[in-house]
There are 2 protein chains.
Amino acid sequence: MSATVITRILAMGRWEPDARGRMIRVAVELFAERGFEQTTAGDIAERAGVTERTFFRHFADKREVLFDGSNTMARTAHDAILGAPDELSPLDAALAGMVAGGSLLADRRDHAARRSQIIAANPSLRERELLKLAAMVDATAEALRARGIAEPTASLAAHSAVTVFQIACGRWVRADEPADLAAHIAQTAAVLRALA
Amino acid sequence: MSATVITRILAMGRWEPDARGRMIRVAVELFAERGFEQTTAGDIAERAGVTERTFFRHFADKREVLFDGSNTMARTAHDAILGAPDELSPLDAALAGMVAGGSLLADRRDHAARRSQIIAANPSLRERELLKLAAMVDATAEALRARGIAEPTASLAAHSAVTVFQIACGRWVRADEPADLAAHIAQTAAVLRALA
DNA sequence: TCGAGCATGTCAGTTACTGACATCGACCAT
DNA sequence: ATGGTCGATGTCAGTAACTGACATGCTCGA
């Protein structure tokens with residue numbers, strides 16, 4: 001139906017062919033403008049020039065649109081851990097995974113900060129973020145087990161590394177003078193080691 | 001209206017006066033019988049002899065009915081940390097909080113196991129559990145800060161302690177021969193210390 | 001040119017919640 | 001006792017997040 005085509009043309013200044021990408025971009029816009037709860041799935045779909053049904057075919061639920069890259073990041077971490085030097089301790093191997101995963105965000109600090117603000121403003125988004133972090137813990141633990149690390153060491157190291165990642169990310173996006181995410185990870189990891 | 005009274009009398013063998021407690025008990029029953037998604041809020045309300053609206057006045061959402069005690073546990077941990085001996089390290093103080101919080105579960109291992117099975121079977125319940133654990137991390141970190149511990153040490157120790165708690169709980173409910181939860185916590189904490 | 005396959009549109013339905021208002025019993029002051 | 005407030009509940013109507021079933025149109029290889 002050409003009506004939707006017209007909607008599309010009116011909606012964006014320049015045409016962006018990938019519907020999925022459009023929905024993600026538009027969702028971030030709307031969430032930032034009026035908040036997550038105040039934005040309906042229909043709103044996002046409309047501004048992206050698709051149907052609400054199409055939105056839900058691409059994203060399992062409304063929150064998911066904010067977490068599109070998270071699987072990739074977990075897989076990246078996983079693979080990096082598998083490829084890390086044998087002599088690394090479990091914690092160091094896991095941290096290497098975090099650095100690798102984090103490198104995917106390297107050139108998108110402003111986007112990450114934006115997203116992080118939206119998520120912080122809504123408990124149900126925070127909930128989803130925790131689930132994604134838990135998936136990252138699982139992927140990390142599995143990679144460690146593949147390196148021959150037994151439980152509960154694998155889980156503990158995975159949890160520790162992801163915690164470091166999480167805290168480092170928070171400091172990274174909030175930092176006044178931008179430093180590398182990897183630097184924040186190293187720094188936070190050092191504090192962790194001093195705990196025991 | 002006496003119809004609901006009749007429903008109530010038919011629903012339970014013996015009369016249990018506390019509506020909230022009834023809803024919780026009934027919800028666990030139904031979730032175990034037919035699963036979380038297959039149970040509507042109306043089902044729970046009906047079997048508990050109340051209205052769906054009443055259910056939602058007691059619980060912010062359907063999942064919340066499974067997490068009633070979690071605030072109490074976080075507060076207990078918080079208070080225990082504040083009251084712990086000054087000479088304890090941040091991690092040890094946080095772990096003392098976990099033991100205190102865990103003591104609330106001491107005599108309900110079977111209930112905890114039941115609940116844990118239900119939660120494990122449903123991603124959205126797992127999500128809510130993660131949120132509750134995050135609240136426990138927050139409470140723990142706050143208590144540590146009140147003891148004069150600075151960031152990010154406070155957060156790191158809090159995360160570490162709650163991770164230990166989480167893993168220890170899992171092993172506790174799954175253990176063949178029942179040991180103390182506190183024992184599991186101590187044991188898991190020892191593994192954590194060996195990481196660094 | 002046909003047909004398979006895939007992304008999308010359309011439409012109707014279920015269920016999780018929410019707001020507004022009425023009711024009812026307990027308890028308290030007069 | 002009488003009236004009044006308060007807290008918990010019932011009733012009802014509404015919104016929005018999803019879901020299933022089916023139709024349509026576009027692309028691409030045989």
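So that the names make sense, note that chain A is the first sequence line, chain B the second, and so on, each numbered from 1. Computed from a prediction, not measured in an experiment: that's the story for all the values here.
- Salt bridge status for Arg47(B) with Glu33(B): present, with a side-chain N to carboxylate O gap under 4.0 Å.
- Taking 4.0 angstrom as the limit, Thr54(A) places a side-chain polar atom (N or O) nearer than this to OP1 or OP2 of dG9(C).
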Study note, to complete from the structure: With B for base contact, S for sugar-phosphate-only contact and - for none (protein heavy atoms under 4.0 Å), nucleotides 17-22 of chain C reads BBBB--
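- Pairs passing the side-chain hydrogen bond (donor to acceptor under 3.5 Å, both in side chains) check and including a residue from residues 147-164 of chain B, sequence neighbours excluded, read Arg145(B)-Glu151(B), Glu151(B)-Ser155(B).
- Between Phe165(B) and Met73(B), some side-chain heavy-atom pair lies under the 4.5 Å cut-off.
- Identified under the side-chain hydrogen bond (donor to acceptor under 3.5 Å, both in side chains) test for residues 178-196 of chain B, with sequence neighbours left out: Asp92(B)-Arg193(B).
- Look at CZ on Phe55(A): it is 12 Å from P on dT19(D), rounded to the nearest Å.
- Scanning residues 32-42 of chain A for heavy-atom distances under 4.0 Å to DNA chain D yields Thr39(A), Thr40(A), Ala41(A).
- Contact check for Phe31(B) versus Arg115(B): no side-chain heavy atoms found under the 4.5 Å cut-off.
- Atom CZ in Arg20(B) sits roughly 15 Å away from atom C1' in dT9(D) (whole-Å rounding).
- In this structure, Asp18(A) atom CG and dT8(C) atom C1' are separated by 14 Å, rounded to whole Å.
- The shortest side-chain heavy-atom distance between Thr76(B) and Thr72(B) falls under the 4.5 Å cut-off.
- Distances shown here put a side-chain N or O of Thr51(A) below 4.0 Å from the OP1 or OP2 atom of dG9(C).
- Between atom CG of residue Leu95(B) and atom OG1 of residue Thr140(B) there is a gap of 9.5 Å, rounded to the nearest 0.5 Å.
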Contacts table for residues 53-61 of chain B: side-chain donor-acceptor under 3.5 angstrom, sequence neighbours left out:
residue: His58(B); atom: ND1; partner: Arg20(B); partner atom: NH1; Å: 3.3
residue: Asp61(B); atom: OD1; partner: Arg63(B); partner atom: N; Å: 3.0
residue: Asp61(B); atom: OD1; partner: Glu64(B); partner atom: N; Å: 3.2
residue: Asp61(B); atom: OD1; partner: Arg128(B); partner atom: NH1; Å: 3.2
residue: Asp61(B); atom: OD2; partner: Arg128(B); partner atom: NH1; Å: 3.2
residue: Asp61(B); atom: OD2; partner: Arg128(B); partner atom: NH2; Å: 2.9

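- For His58(B) and dA8(D), the shortest distance from a side-chain N or O to OP1 or OP2 is not below 4.0 Å.
- For the pair Glu46(B) CD and dT11(D) P, the computed distance is 13 Å after rounding to whole Å.
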Practice item. Could you go through the side chain to side chain contact (heavy atoms under 4.5 Å, CB included) check for Leu181(B) and Arg109(B) one step at a time? Key: CA-CA 9 Å; Leu181(B) 172 53; Arg109(B) 207 185 74 134; over 6 Å; no
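- Within the 4.5 Å cutoff, the side chain of Met98(B) has heavy atoms near those of the Val162(B) side chain.
- Val50(A) has its side chain within reach of Met23(A): a pair of non-hydrogen atoms, C-beta onward, lies under 4.5 Å apart.
- For DNA chain D, no neighbouring residue in residues 125-132 of chain A is found when judged by any heavy atom under 4.0 Å.
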